[in-house]
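Quick caveat: nothing in here was measured; it's all calculated off a predicted structure. Sequential numbering from 1 along the given sequence is applied to the chain's residues. Below, all heavy atoms of this structure are taken into account, side chains as well, without hydrogens, waters or symmetry copies.
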Amino acid sequence: MSPSISLSFDAEECFDEAIDDEEVVAEVRAVFDRYEKALMENDVDVLDELFWQNARTIRYGAGENLYGFDEIAAFRSGRNAAKIARKPLRVEISTYGRNFATANCEYQRLSDEKCGRQSQTWVRFPEGWRVISAHVSFLPEAKPAS
């Protein structure tokens with residue numbers, strides 16, 4: 001059996017840019033809220049705008065794995081939006097410097113009260129903040145975090 005190795009470091013000492021700068025967190029929260037509004041309204045144009053239009057973009061959904069913006073856009077345009085409505089329960093946004101962020105959301109679907117999770121990685125490009133990677137999943141019989 002290999003010995004266990006424990007590494008401990010202070011991320012802020014190793015990273016030379018501000019972590020969770022209030023201004024950048026507010027920017028990402030605003031674009032996250034815009035994404036959430038577009039999702040609730042099934043505004044595919046805005047949803048597509050907010051994903052990086054590149055073959056490297058990935059979205060792992062509750063029932064599908066999508067590689068590249070073209071697959072993501074095709075999924076969105078053909079999706080039945082009947083069960084999209086949800087209530088965010090907790091949103092955590094972290095920023096690393098001025099151009100990289102994560103947004104994690106725990107939510108409850110309104111149609112069946114199922115609890116879900118969404119993770120997004122955002123990067124600031126010249127055209128604005130874009131999701132480069134996303135993951136959506138549901139918890140079986142889970143209760144929302146308190």
Query raised in the report: Can you check side chain to side chain contact (heavy atoms under 4.5 Å, CB included) on Arg56 and Ile132, steps first, answer last?
Result: CA-CA 7 Å; Arg56 295 179 189 94; Ile132 62 167; over 6 Å; no

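- For the atom pair Glu17 CD and Thr95 OG1, the distance stands at 10.0 Å (nearest 0.5 Å).
- With sequence neighbours left out, Asp112 forms a side chain to side chain donor-acceptor pair (under 3.5 Å) with Arg109.
- Partners of Ser119 by side chain to side chain donor-acceptor pair (under 3.5 Å), not counting sequence neighbours, listed by chain and number: Asn104.
- The ring-ring contact (aromatic ring centres under 6.0 Å, His included) search around Tyr67 returns Tyr60, not counting sequence neighbours.
- Counting all heavy atoms, side chain and backbone alike, Ser137 lies closest to Tyr107 at O-OH, 4.3 Å.
- There is no path of hydrophobic side-chain contacts, each under 4.5 Å, that joins Ile58 to Leu39.
- The side chain to side chain donor-acceptor pair (under 3.5 Å) search around Arg86 returns Glu36, Gln118, not counting sequence neighbours.
- A 4.5 Å side-chain heavy-atom check between Val131 and Phe51 finds at least one atom pair inside the cut-off.
- Legend: salt bridge (charged side-chain N to carboxylate O under 4.0 Å, His left out) pairs involving residues 61-72, not counting sequence neighbours, sorted by first then second residue: Arg59-Glu64.
- By the 4.5 Å heavy-atom criterion applied to side chains, Phe32 and Val91 are counted as neighbours.
- Residues meeting the ring-ring contact (aromatic ring centres under 6.0 Å, His included) test with Trp129, sequence neighbours left out: none.
- The salt bridge (charged side-chain N to carboxylate O under 4.0 Å, His left out) search around Glu92 returns Arg90, not counting sequence neighbours.
- The heavy-atom pair separating Ala38 from Val46 by the smallest distance is CB-CG1, 3.5 Å.
- Looking at residues two or more places apart in sequence or on another chain, you find no salt bridge (charged side-chain N to carboxylate O under 4.0 Å, His left out) involving Asp48.
- Asp45 meets the salt bridge (charged side-chain N to carboxylate O under 4.0 Å, His left out) test with no other residue; sequence neighbours excluded.
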Listing, residues 75-84 side-chain donor-acceptor contacts under 3.5 Å, not counting sequence neighbours, or none:
from	atom 1	to	atom 2	distance (Å)
Arg76	NH2	Tyr35	OH	3.4
Ser77	OG	Ala73	O	3.4
Ser77	OG	Ala74	O	3.0
Asn80	OD1	Ala82	N	2.8

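- Phe125 and Phe100 fall within the same hydrophobic cluster, where Ile, Leu, Val, Met, Phe, Trp and Tyr residues are linked whenever their side-chain heavy atoms come under 4.5 Å apart, directly or through other members.
- We find the OG1-CG distance between Thr57 and Leu66 to be 11.0 Å, quoted to the nearest 0.5 Å.
- For the atom pair Leu110 CG and Met40 CE, the distance stands at 8.0 Å (nearest 0.5 Å).
- The side chain to side chain donor-acceptor pair (under 3.5 Å) search around Glu41 returns Lys37, not counting sequence neighbours.
- Both Val31 and Val25 sit in one connected hydrophobic cluster of ILVMFWY residues. Membership requires side-chain heavy atoms under 4.5 Å apart, directly or through other members.
- Placement of Trp122 and Ile93 within a single hydrophobic cluster is found when ILVMFWY residues are connected by side-chain heavy-atom separations under 4.5 Å, directly or transitively.
- In this structure, CG on Asp20 lies 4.5 Å from OG on Ser94, to the nearest 0.5 angstrom.
- Sequence neighbours left out, the pairs with a member in residues 121-137 that pass salt bridge (charged side-chain N to carboxylate O under 4.0 Å, His left out) are Glu27-Arg124.
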